Amino acid sequence: MKTIIEPFKIKMVEPIKLTTPEHRDAILRRSHFNLFQVPAEEVIIDLLTDSGTSAMSSEQWAGMLRGDESYAGARSWYHFEGVLRELTGMPHILPTHQGRASERILFELVGGPGKVIPSNNHFDTTRANIEHSGARAVDLVIAEGAQPRSRHPFKGNIDVARLEALIADVGPDRIPLCMATVTNNSGGGQPVSLANLRAVREACRRHGIPLFLDACRFAENAYLIKRREPGQHDRSVRAIARELFDLADGATISAKKDGLVNIGGVLLMRDPALARRADDLLILTEGFVTYGGLAGRDLEAMARGFVEVLDEDYLHYRLRSVEYLGEHLLAAGIPIVEPPGGHAIYIDAAAFCPHIPPEQFPGQALVCALYRHAGIRAVEIGSVMFGRVDPDTGESARPPMELVRLAIPRRVYTQSHIDYTVEAAIEVFERREQIRGLRMIDAPPALRHFTAKFVEV
Ligand code: F0G
């Protein structure tokens, strides 16, 4: 059979409120053209994020009821720890309430003024936590990673020559660790190859620099390795995922992505001295080391989610449905980051709206147009999210791409929801000259995309 079906059936449904463009226009104005300020009830298809928005399975819900809520050494903790140990091989496993809690602990321990932390592309919370510690976050993705039309199969790869140059420039002592974000969310959900990770590992090893993964979407990255990397086709996704972790000295994970849960995170480490200090910080701000700010039932749901996500029928359907969305947009002439990545399709908003200059935020303008037209909520990943004043030069820095992300929640929407999204994007594209640019009238200094206010130009 050619048709790839959702490999699950639906047992519980959540109604969607259908609204009119006029109603949504009023909502948009009330929300100052910022979709983070729009109530979720007013959204028809919510593609704001794939984070924490997964539908849990009947096994996970059953696990919630079996959660052990003991303060120390709960049965659910041992279940969670066993699953994570088998999956990653890491000796030190800390649960946290979400990814950025792991990042906050890690960078409070290894960051600080004068330190430099390279990655392919740091995600916004990772960058913010690094900078909050006083350290500098440096993006070293390969050149193809910033070229929307390049069909390089691993556009999340780190440029090893630039990494070597950075190490030579600042000195290994100032680089407490190197990160690799798998898949590379800020760069278009693009995967990192095993070959690249091995080369990065080797460069780091020569200088005594630990390598950490930001492994939020490790299963999607491992599946794309299986599909795209020579020699990997016959291996199981589980074996590939394990090799990713074997190459690393630690990892931060937001379980709200490939953990298939609504809340939860993990911090993994090999170094016992670092792990000891992380335990102390975790206890100070999150909770005891066997629950890390979560309920026992959340640990139980994570333990099951991290197993289910490696089901290759699930991954096949998951990656194919994202690819299907991308192919249909491309066929209609809509510029996207190619090839389609793991969890989302990224529309090239600069090419979609060439009449809107970057200082009028073409990505945010397109996000507003999609909402007004069809009630679809997407997110801008461009000058609103990453535009900032460079700490070294004092100049306004802009990201290399102006993107709009259509992130697909896991196991939530069916093919007809995807078809509706395709139709909406095509209709907006056909009348794209009518989209108006925006002016930012209010914004906080950090993570400004959540609360910035805009007016139409
Ligand atoms: N790292 C990456 C690569 C992420 O995509 C995210 C979250 C985090 C870290 C932080 O995890 O939200 O659990 O604290 N990404 C979400 C998104 C918010 O929409 O892409 P968190």
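Quick caveat, the model's predicted, so the values are computed rather than measured. Atoms within each ligand, like the ligands themselves, are counted from 1 in listed order.
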For the pair Phe80 and Phe306, name the ring-plane relationship: parallel under 30°, tilted 30 to 60°, perpendicular over 60°.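 Answer is tilted, since the angle falls between 30° and 60°.
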Indicate, as side chain, backbone, both or neither, the part of Arg100 found under 4.0 angstrom from ligand 1 when only non-hydrogen atoms are considered.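 Both parts.
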Of the side chain and backbone of Arg405, name the one, both, or neither that has a heavy atom under 4.0 Å from an atom of ligand 1.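 Near ligand 1, Arg405 shows its side chain, while the N, CA, C and O stay back.
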Got the closest protein heavy atom to atom 9 (C) of ligand 1, with its distance?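 Atom 9 (C) of ligand 1 sits closest to the protein heavy atom Glu103 OE2, 3.0 Å.
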Do ligand 1 and [X] have nitrogen or oxygen atoms that lie under 3.5 Å from each other?
X: Thr125; result: no
X: Ser254; result: yes
X: Asp214; result: yes
X: Phe123; result: no
X: Lys257; result: yes

Apply side chain to side chain contact (heavy atoms under 4.5 Å, CB included) to residues Val379 and Ile381 and explain how you reach the verdict. CA-CA 6 Å; Val379 69; Ile381 301 197; 4.2 Å; yes
Under a 4.0 Å N-O cut-off, is there an ion pair linking Arg297 with Asp68?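 Asp68 and Arg297: not salt-bridged.
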For [X], counting its heavy atoms only, list the atoms of ligand 1 lying under 4.0 Å from any of them.
X: Gln98; result: 12 (O), 13 (O), 14 (O), 21 (P)
X: Thr181; result: 3 (C)
X: Gly99; result: 11 (O), 13 (O), 14 (O), 21 (P)

Pick out which of Leu366, Val337, Ile347, Ile345 makes a side chain to side chain contact (heavy atoms under 4.5 Å, CB included) with Leu403.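 Of Leu366, Val337, Ile347, Ile345, side chain to side chain contact (heavy atoms under 4.5 Å, CB included) with Leu403 is met by Val337 alone.
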For Gln232, which of Arg228, Glu229, Arg235 qualifies under side-chain hydrogen bond (donor to acceptor under 3.5 Å, both in side chains)?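 Single pass found, and it is Arg235.
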Ring centres of Phe245 and Phe218 under 6.0 Å apart?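 Between Phe245 and Phe218, the centre distance is under 6.0 Å.
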So, for Phe107 and His132, is the gap between ring centers shorter than 6.0 Å?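 Centroid distance Phe107-His132: not below 6.0 Å, so no.
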